[in-house]
Amino acid sequence: MSPTRRALVAARRSLAALPVTGLGLVAGAVGLAAATILPAPALAAYPERPITMIVPFAAGGPTDVVARIVAEPMSRTLGQQVVIENVSGAGGTTGITRGAQAAPDGYTIMMGHMGTHGAAPAVYPELKYDPRKDFAPIGLASGTPIVVVARKSFPAKDLMELVAYLKANSEKLNEAHAGVGSVSFTTCAFLNSLVGAKPTRVVYRGTGPALNDLVGGQVDYMCDQIVNLVPQIQAGTIRAYAVALPARSPALPDVPTTVEAGLPEFQVSAWNAVFAPRGTPPEIVRKLHDALARALKDEATRRRLLDLGGDLTNEAAQTPEGLQKLVESEVARWNKVLKEAGAAR
Ligand code: MLT
């Protein structure tokens, strides 16, 4: 057994006797203990083997796409492969719970997002992690604006027609989302509440598979992250009604904003960010952060994200401290929005 592993096992054993009730607290406490006992050589040599990045949704969707784009240059910088593991379920909270409870040794990290680290506490009272306390933030990877899209044959020419159609027919319509608390779930809950729509909400393991069904016409509409949609919108296989931002996305210059299209109240944006479990030693957090920051300065990586509509302007949240602030403000924001939309539990 390596010294690192031995230290972690000892920390777990000593914590087993503690009278704690919340699993998040256990995970955090294990992390904190381990952070103080990792031997210096293990820190200096890190990483000595591949790093797992948990993507809490199906392969091929927006979280997976962003993760794979940044994992490649991060692997080059770190000198070890960053391997993507898709662990989907419960709107992303299954994979993030597993990541939060992993050994805080830098070998398990996560690609979280506005749902897993913003909206989830409002919709899962029994959530086994606290986005504000149980992670070591590494940095924001990309902002991902929301686009309202529908199947190609949807009978509405523009956003106002879509709103009217939703109001009149919503009980006959199917809206696709990636699970309670996911970005697609929360943003369309907000849209539905604004326009008074009550569609059947069809759950997928990610909006990658949901998009396949939208293209196939099995579902009617969804609110999704732009990085999942640009190729299909450009190919004309789905209809795009509006980007939920004050300014148009350079990746979709022909798609109006919700302000231009007549629904200025619908302003939402999502994001993807890298997290490690709480208690990950600061030296390792710094190495992971430097690798991510370098990836986001790499011209080819930037181009790939920008071409898919990724927003790289929030440089403040690219730091661990800035990301922590973003998480805190998003938890508060989505708690309010989802309560008002009647989607909080
Ligand atoms: C979401 O709705 O949260 C995402 O689109 C999930 C995904 O990456 O599939």
Side-chain angles (χ1 to χ4, degrees), residues 23-32 34-35 46-47 51-57 62-71 74 78 82-121 124 127-144 181-183 225 270-293 295-296 314 316-331 334:
L23 206 45
L25 182 54
V26 176
V30 169
L32 203 58
Y46 173 85
I51 296 163
T52 297
M53 182 186 278
I54 295 176
V55 166
F57 293 98
T63 316
D64 187 68
V65 165
V66 171
R68 286 176 201 273
I69 291 175
V70 298
M74 284 180 78
L78 292 163
V82 177
V83 180
I84 304 296
E85 186 184 352
N86 297 90
V87 183
S88 59
T93 60
T94 302
I96 297 300
T97 301
R98 186 186 298 179
Q101 294 172 359
D105 56 7
Y107 290 101
T108 303
I109 57 177
M110 294 143 266
M111 183 60 80
H113 76 350
M114 178 276 266
T116 60
H117 285 76
Y124 291 106
L127 192 65
K128 292 189 171 63
Y129 63 83
D130 184 334
R132 297 160 297 187
K133 295 187 186 148
D134 291 327
F135 300 90
I138 304 298
L140 184 75
S142 183
T144 52
S182 65
V183 166
Q225 297 171 72
W271 44 270
N272 286 113
V274 182
F275 297 87
R278 176 185 170 200
T280 302
E283 295 86 341
I284 290 179
V285 169
R286 199 159 40 246
K287 281 188 186 178
L288 288 166
H289 167 70
D290 288 350
L292 177 63
L296 295 176
N314 189 354
Q318 289 171 3
T319 64
E321 303 73 28
L323 178 55
Q324 179 67 28
K325 284 196 190 127
L326 177 68
V327 167
E328 283 167 18
S329 69
E330 287 285 87
V331 169
W334 284 102

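When side chains are defined from C-beta on, Leu140 counts as touching Leu326, because their heavy atoms get closer than 4.5 Å. Under the 4.5 Å side-chain criterion, counting only non-hydrogen atoms from C-beta, Met110 is in contact with Phe135. Using a 4.5 Å cut-off on side-chain heavy atoms (C-beta onward), Tyr124 and Thr93 make contact. Residues Phe275 and Leu323 meet the side-chain proximity criterion, which asks for heavy atoms closer than 4.5 Å. Annotation: side chain of Asn86 is in contact with side chain of Ile84 (closest heavy-atom distance under 4.5 Å). Here the side chains of Ile51 and Leu288 are in contact, with some heavy-atom distance below 4.5 Å. A 4.5 Å side-chain heavy-atom check between Ile109 and Ile54 finds every atom pair outside the cut-off. Looking at Ser88 and Pro56, their side chains never come closer than 4.5 Å, going by heavy atoms from C-beta outward.
Lys287 places no side-chain N or O within 3.5 Å of a backbone atom of Leu78 that could act as its donor or acceptor partner. In this structure, Asn272 contributes its side chain and Val66 its backbone to no donor-acceptor pair below 3.5 Å. Thr94 contributes a side-chain N or O that, together with a main-chain N or O of Gly89, makes up a donor-acceptor pair within less than 3.5 Å.
Residues satisfying the salt bridge (charged side-chain N to carboxylate O under 4.0 Å, His left out) test with Glu85, not counting sequence neighbours, are Arg98. Partners of Arg286 according to the salt bridge (charged side-chain N to carboxylate O under 4.0 Å, His left out) rule, which considers only residues two or more places apart in sequence or in another chain, do not exist here.
When all heavy atoms are compared, the tightest approach of Trp271 to His113 is O-CB, 2.9 Å. Closest heavy-atom contact between Pro277 and Ala103: CG-O, 4.1 Å. Counting all heavy atoms, side chain and backbone alike, Pro121 lies closest to Leu127 at N-CD2, 3.8 Å. When all heavy atoms are compared, the tightest approach of Ala100 to Tyr129 is CB-CB, 4.1 Å. Of all the heavy atoms in Thr116 and Pro131, the pair that sits closest is O-CG, 4.0 Å. Residues Ala141 and Leu296 share a closest heavy-atom pair of O-CD2, 3.4 Å.
Of the listed residues (Gln324, His289, His117), just one forms a side-chain contact (heavy atoms from CB on, under 4.5 Å) with Pro137, and that residue is Gln324.
Annotation: salt bridge (charged side-chain N to carboxylate O under 4.0 Å, His left out) contacts involving residues 110-119, sequence neighbours excluded, are absent.
Taking CE from Met53 and OG1 from Thr63, the interatomic distance works out to 11.5 Å, rounded to the nearest 0.5 Å. Distance check: Gln318 CD to Leu292 CG gives 7.5 Å after rounding to the nearest 0.5 Å. Atoms CZ and OG, from Arg132 and Ser329 in turn, are 11.5 Å apart once rounded to the nearest 0.5 Å.
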